[in-house]
Every structure is written in C-alpha cells, then in structure tokens.
Amino acid sequence: MVIPFVTTSLLFFFFFSSVTAAKTHRFVQSISPSSLGLHQPQKLSHLHFFFHDIVGGSNQTAVRVAAAPTTDKSSTLFGAVMMMDDPLTELPDAESTVVGRAQGIYASASTTELGFLMAMNFAFTQGKYNGSSLAVLGRNTVESAVREMPVVGGSGLFRFARGYAQAKTHSFGTLEAVVEYDVYVLHY
Ligand SMILES: *[C@@H]1O[C@H](CO)[C@@H](O)[C@H](O)[C@H]1NC(C)=O
Ligand SMILES: *[C@@H]1O[C@H](CO)[C@@H](O)[C@H](O)[C@H]1NC(C)=O
C-alpha cells in the first residue's frame, strides 16, 4: 500500500502547485482578437514626409546630450548621443505643413563610418493621424543613398504596426539636414 500513498501525495502536490500557478498568472487573460478589431484585414499605408534636423542656430531641434572622452577625436563621432525633436513636413520646405515630429535619440554607433543608432517616435499631428505614432528602431548610415530602418510598433491608428522606413538625404548644410522619408506600415 506504499505505492498508492505516494501516488496520492503526488497528485495532491500537483493539484496544489497548479492552483498556485493559476493564481500567480491571473493578470494574463486570453481574449478574442476580434475584441480589438484584429479580424479586419490589415491596411498597408505609405507615409511620405521630410525630416528637418537642425543642430545649431536659433531654431535648433537636435542637441548633443552625451559623448565619450574620445568622441571629438573620432572621425565618426563615435559615442555622441543626440536628442531630437525634429519637425516633419509635407514638402522639403521647412515652411510647408508640419505633419508631425520625430522625437528621440540618435547616437553614433560605428567606429568606421557615420552610422547612427536611431531610437525615435514619429508623433503625427495632422487630421485623423493627430495623436498617433510610429516607433522606429534601426541603423542609419547617413552617407548611404538609402537607409532602411524597421518600424517596430505604433500607437493610436497605428496599433500593432510593423513595417519599414526608408530615408534619403534631400539636402545637407552645416546646421540643417533635410531627409526624405518613405514609410510603409501594415496596421489595422
Ligand atoms: C527660425 O524659424 C523662423 C520661423 O520659422 C524663421 O523665420 C527663421 O528664419 C528661422 N531662423 C533660422 C536661423 O533659420
Ligand atoms: C491635435 O490634437 C491636440 C490634442 O488633442 C490638439 O490640441 C490639436 O489642436 C490637434 N491638432 C490638429 C492639427 O488637429
């Protein structure tokens, strides 16, 4: 009669441990995708705008917030960290309609070429997109003709977004760079 006793004890043990497990996971629930509108077909949107990065002067939109002791001796400014709040406009002209802002960080992450880690949100302010945003995390080798960065998510109309952004330098001066962005996103 030893074996039944052991079996019963084990069952007892597993019963109580599964009750404990269920209790500790009560904050997670499986819900129906249609409760969030995910039964609808995905939309593919193409966004096109111009990004203005101004590193000096009276309308500066990007500031250096950190660097390594060796950054200024590096030809690629390796270690520099910039915080930006860059306007996004409909046309290359800075005076054209502002559709949103690129808010976030770009940091020199390459010792051999001008290559930035971009961690930014495109926060849109126009019409029905006002208040919605896209999150971009990627690599930007600014001297390449076309740079591609993943869109890793979004908010508002862009919930569940994924896709990519392509950046092309439109013009480049000592204080201001204008970059053309084509962004392709799948969302609901
Ligand atoms: C700053 O922005 C204002 C308004 O857009 C503009 O009139 C002015 O020329 C700009 N200043 C510089 C230095 O670009
Ligand atoms: C965008 O939304 C903000 C906050 O709700 C509001 O203050 C602003 O006027 C809106 N802008 C446009 C262009 O609709």
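Just follow the structure's listing: the first ligand is 1, and inside any ligand the first atom is 1.
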Could you check whether atom CZ of R64 has more than 12 heavy atoms from other residues, nucleotides or ligands sitting under 6.0 Å from it? yes
Atoms in ligand 2 flagged as close to T125, the criterion being non-hydrogen separation under 4.0 Å: 11 (N), 12 (C), 13 (C)
Other residues, nucleotides, ligands: >12 heavy atoms within 6.0 Å of Y188 OH: yes
Please indicate, with yes or no, if any protein heavy atom is found under 4.0 Å from atom 4 (C) of ligand 2? no
Geometric class of the F124/F122 ring pair [parallel <30°, tilted 30-60°, perpendicular >60°]: tilted
Among all protein heavy atoms, pick the one closest to atom 1 (C) of ligand 2 and tell me residue, atom and distance. N130 ND2, 1.4 Å
Salt-bridge criterion met for E143 and K168 (N-O under 4.0 Å): no
Protein heavy atom under 4.0 angstrom of atom 14 (O) of ligand 2, is there one? yes
Okay, side chain of E176, backbone of I54: is any donor-acceptor separation there less than 3.5 Å? no
Establish whether atom 7 (O) of ligand 2 and some protein heavy atom are separated by less than 4.0 angstrom. no
